[in-house]
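Here is the structure we will look at.
Here the structure is a predicted model, which is why all the values come from computation and not from measurement.
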Amino acid sequence: MNKQLNLAVLVSGGGTNLQALIDAEKSGILKSGKIKLVISNTKGAYALTRAENNSIKTLTLDKKEFVSRERFEEALISALDFNEIDIIVLAGFMSILSADFVKKYDKRIINVHPSLIPSFCGVGFYGLKVHEKALEKGVKVTGATVHFVNEIADDGEIIMQKAVNVRKNDTPEILQKRVMKLAEWKILPKALEKVCYNLLKLKEISK
Ligand code: GRF
């Protein structure tokens, strides 16, 4: 089995998780999939520069420039089809996809969330908010989760999780950085490799 699946990474911001995937591809941790396309819903996102620096094709689809979410998702689907994408990775992608879109790519969209699901997740739990809430609650352990995406926010099957200790003087910013470094950047590439490997195996069997 030496084939690779085509991956699209959807981003909105700095793209440190995308960078972790690019690095994993280079080091061989990610070998059953290849990043073919990076799509940003924010113009000028630094994630796009990271992709360009690594000769990965990029596309910006700004939802505000479409008359409706349906038109935005049609454009998204066209780009995914055209590039023959097998797996979609949401890596710091700050937009909710419709139930129809998610159903079309059942078990083929994965997301990284900066908490141990089912804690501190769901609608409204994104970015720093997740870490603010974890500190407010006084949890001693938090972490990150990679999961399949279904039509309910942060509800899909869990693929991988990693715990991170909270320290006494943590601020949301400090905790966010530690969770990214110790958990998100580690488990996202590993979970993606696992998903790609399993899907490739399934494709082989059903040939
Ligand atoms: C990360 O915490 C990710 O889990 C969240 O957005 C943050 C920034 O990600 N969804 P990135 O640096 O753009 O990858």
Side-chain angles (χ1 to χ4, degrees), residues 7-27 29-30 33-65 72 75-76 79-80 83 85 87-97 109-117 120-135 142-147 149 153-154 159-162 164 166-167 170-193 195:
L7 313 175
V9 185
L10 273 54
V11 296
S12 301
T16 60
N17 279 296
L18 168 67
Q19 190 64 54
L21 295 176
I22 294 171
D23 294 346
E25 217 183 281
K26 286 183 186 160
S27 71
I29 291 173
L30 175 60
K34 185 165 180 51
I35 307 168
K36 247 199 128 182
L37 178 65
V38 170
I39 304 177
S40 172
N41 65 346
T42 318
K43 277 186 195 144
Y46 188 66
L48 293 168
T49 307
R50 293 181 193 270
E52 282 154 15
N53 287 344
N54 288 278
S55 311
I56 301 167
K57 202 200 266 188
T58 61
L59 176 67
T60 302
L61 292 176
D62 187 347
K63 216 168 166 181
K64 295 192 291 291
E65 288 176 1
F72 164 76
L76 192 54
L80 297 169
N83 290 281
I85 297 301
I87 303 270
I88 302 163
V89 184
L90 309 184
F93 184 65
M94 298 297 194
S95 181
I96 305 267
L97 296 162
I109 312 177
I110 74 168
N111 180 47
V112 59
H113 181 78
S115 77
L116 293 174
I117 290 176
F120 312 111
C121 64
V123 179
F125 284 89
Y126 58 88
L128 266 187
K129 189 60 145 286
V130 179
H131 306 290
E132 279 165 18
K133 293 285 173 198
L135 290 175
T142 182
T145 303
V146 178
H147 63 95
V149 173
D154 300 325
I159 304 162
M160 210 171 273
Q161 290 189 301
K162 189 161 192 279
V164 172
V166 177
R167 293 186 194 152
D170 273 347
T171 62
E173 289 80 5
I174 292 171
L175 186 57
Q176 181 184 48
K177 287 206 180 81
R178 189 177 320 115
V179 168
M180 291 205 286
K181 191 172 170 211
L182 299 183
E184 293 181 55
W185 303 342
K186 297 262 193 293
I187 61 171
L188 182 60
K190 285 187 191 159
L192 180 58
E193 171 57 25
V195 169

Is a donor on one side and an acceptor on the other found under 3.5 Å between the side chain of His113 and the backbone of Phe120? yes

Residues at least two apart in sequence or cross-chain that pass ring-ring contact (aromatic ring centres under 6.0 Å, His included) with Phe125, listed by chain then number, are none

With side chain to side chain contact (heavy atoms under 4.5 Å, CB included) as the criterion, how do Arg167 and Arg178 come out once you've worked through the C-alpha distance, each side chain's angles and the decisive distance to 0.1 Å? CA-CA 10 Å; Arg167 293 186 194 152; Arg178 189 177 320 115; 3.7 Å; yes

Quick one: salt bridge (charged side-chain N to carboxylate O under 4.0 Å, His left out) partners of Glu25, sequence neighbours excluded? Lys34

Do other residues, nucleotides or ligands put more than 12 heavy atoms under 6.0 Å from the NZ atom of Lys190? no

For residues Tyr46 and Gly14, report the shortest heavy-atom separation together with the two atoms involved. CD2-O, 3.7 Å

Which residues pass the salt bridge (charged side-chain N to carboxylate O under 4.0 Å, His left out) test with Lys133, not counting sequence neighbours? Glu136

Euclidean distance, Phe93 CZ relative to Asn41 CG, rounded to 0.5 Å: 4.5 Å

Looking at residues at least two apart in the chain, or sitting in another chain, which of them share a side chain to side chain donor-acceptor pair (under 3.5 Å) with Lys63? Ser95

Sequence neighbours excluded, the answer for side chain to side chain donor-acceptor pair (under 3.5 Å) partners of Glu132 is none

Using a 4.5 Å cut-off on heavy atoms from C-beta on, say whether the side chain of Pro114 contacts that of His131. yes

Side chains of Leu21 and Val9, heavy atoms from C-beta outward: is any pair under 4.5 Å? yes

Donor-acceptor pair, Glu184 side chain versus Ala144 backbone, under 3.5 Å? no

Which heavy-atom pair separates Ser115 from Val130 by the least distance, and what is that distance? CB-CG1, 3.7 Å

Measure the shortest side-chain to side-chain distance between Ile87 and Leu192 over non-hydrogen atoms and say whether it is less than 4.5 angstrom. yes

Evaluate whether atom CG of Leu128 has more than 12 neighbouring non-hydrogen atoms of other residues, nucleotides or ligands under 6.0 angstrom away. yes

Locate the shortest heavy-atom distance separating Ser12 from Thr42; write the atom from each residue and the value. O-OG1, 2.9 Å

Looking only at heavy atoms, the pair that brings Leu37 and Ala79 closest together is CD2-O, 4.0 Å

For residues Ile39 and Leu61, determine if any side-chain heavy atom of one lies less than 4.5 Å from a side-chain heavy atom of the other. yes

Thr142 side chain near Leu175 side chain, heavy-atom distance below 4.5 Å: yes

Side-chain (Asp170) to main-chain (Val166) donor-acceptor, under 3.5 angstrom: no

I need the Ile35 CD1 to Leu30 CG distance, nearest 0.5 Å. 6.5 Å

Rounded to the nearest 0.5 angstrom, the CD1-OH distance for Ile96 and Tyr126 is 10.0 Å

Please tell me if the side chains of Ile159 and Ile110 come closer than 4.5 Å, counting only heavy atoms from C-beta onward. yes

State, yes or no, whether a side-chain contact exists between Val11 and Val38 at a heavy-atom distance under 4.5 Å. yes

d(Lys57 NZ, Asn83 CG) to nearest 0.5 Å is 3.5 Å

Rounded to the nearest 0.5 Å, how far does CG of Asn53 lie from CD of Gln19? 8.0 Å

Just to verify, what does Arg50 make a salt bridge (charged side-chain N to carboxylate O under 4.0 Å, His left out) with, not counting sequence neighbours? none

Side chain to side chain contact (heavy atoms under 4.5 Å, CB included) between Leu97 and Leu76, intermediate numbers included: CA-CA 10 Å; Leu97 296 162; Leu76 192 54; 3.9 Å; yes

Checking the side chain of Thr58 only, and the main-chain atoms of Leu48 only, is there a donor and an acceptor separated by less than 3.5 Å? no

Please check: side-chain N/O of Asp62 versus main-chain N/O of Lys64, any donor-acceptor pairing under 3.5 Å? yes

Between Ile88 and Leu10, what is the shortest heavy-atom contact and its length? CG2-CD1, 3.8 Å

Should Lys36 and Leu7 be marked as a side chain to side chain contact (heavy atoms under 4.5 Å, CB included) after you check the CA-CA gap, both sets of side-chain angles, and the distance that decides it? CA-CA 6 Å; Lys36 247 199 128 182; Leu7 313 175; over 6 Å; no

Note, Thr145 side chain near Asp154 side chain (heavy atom, < 4.5 Å): no

Compare every heavy atom of Leu188 with every heavy atom of Ala91, then report the nearest pair and how far apart it is. CB-CD2, 4.3 Å

Mind checking the CD1-OG spacing from Ile22 to Ser55? Nearest 0.5 Å is all I need. 10.0 Å

Is there a donor-acceptor pair closer than 3.5 Å between any side-chain N or O of Ser40 and the backbone N or O of Ala45? no

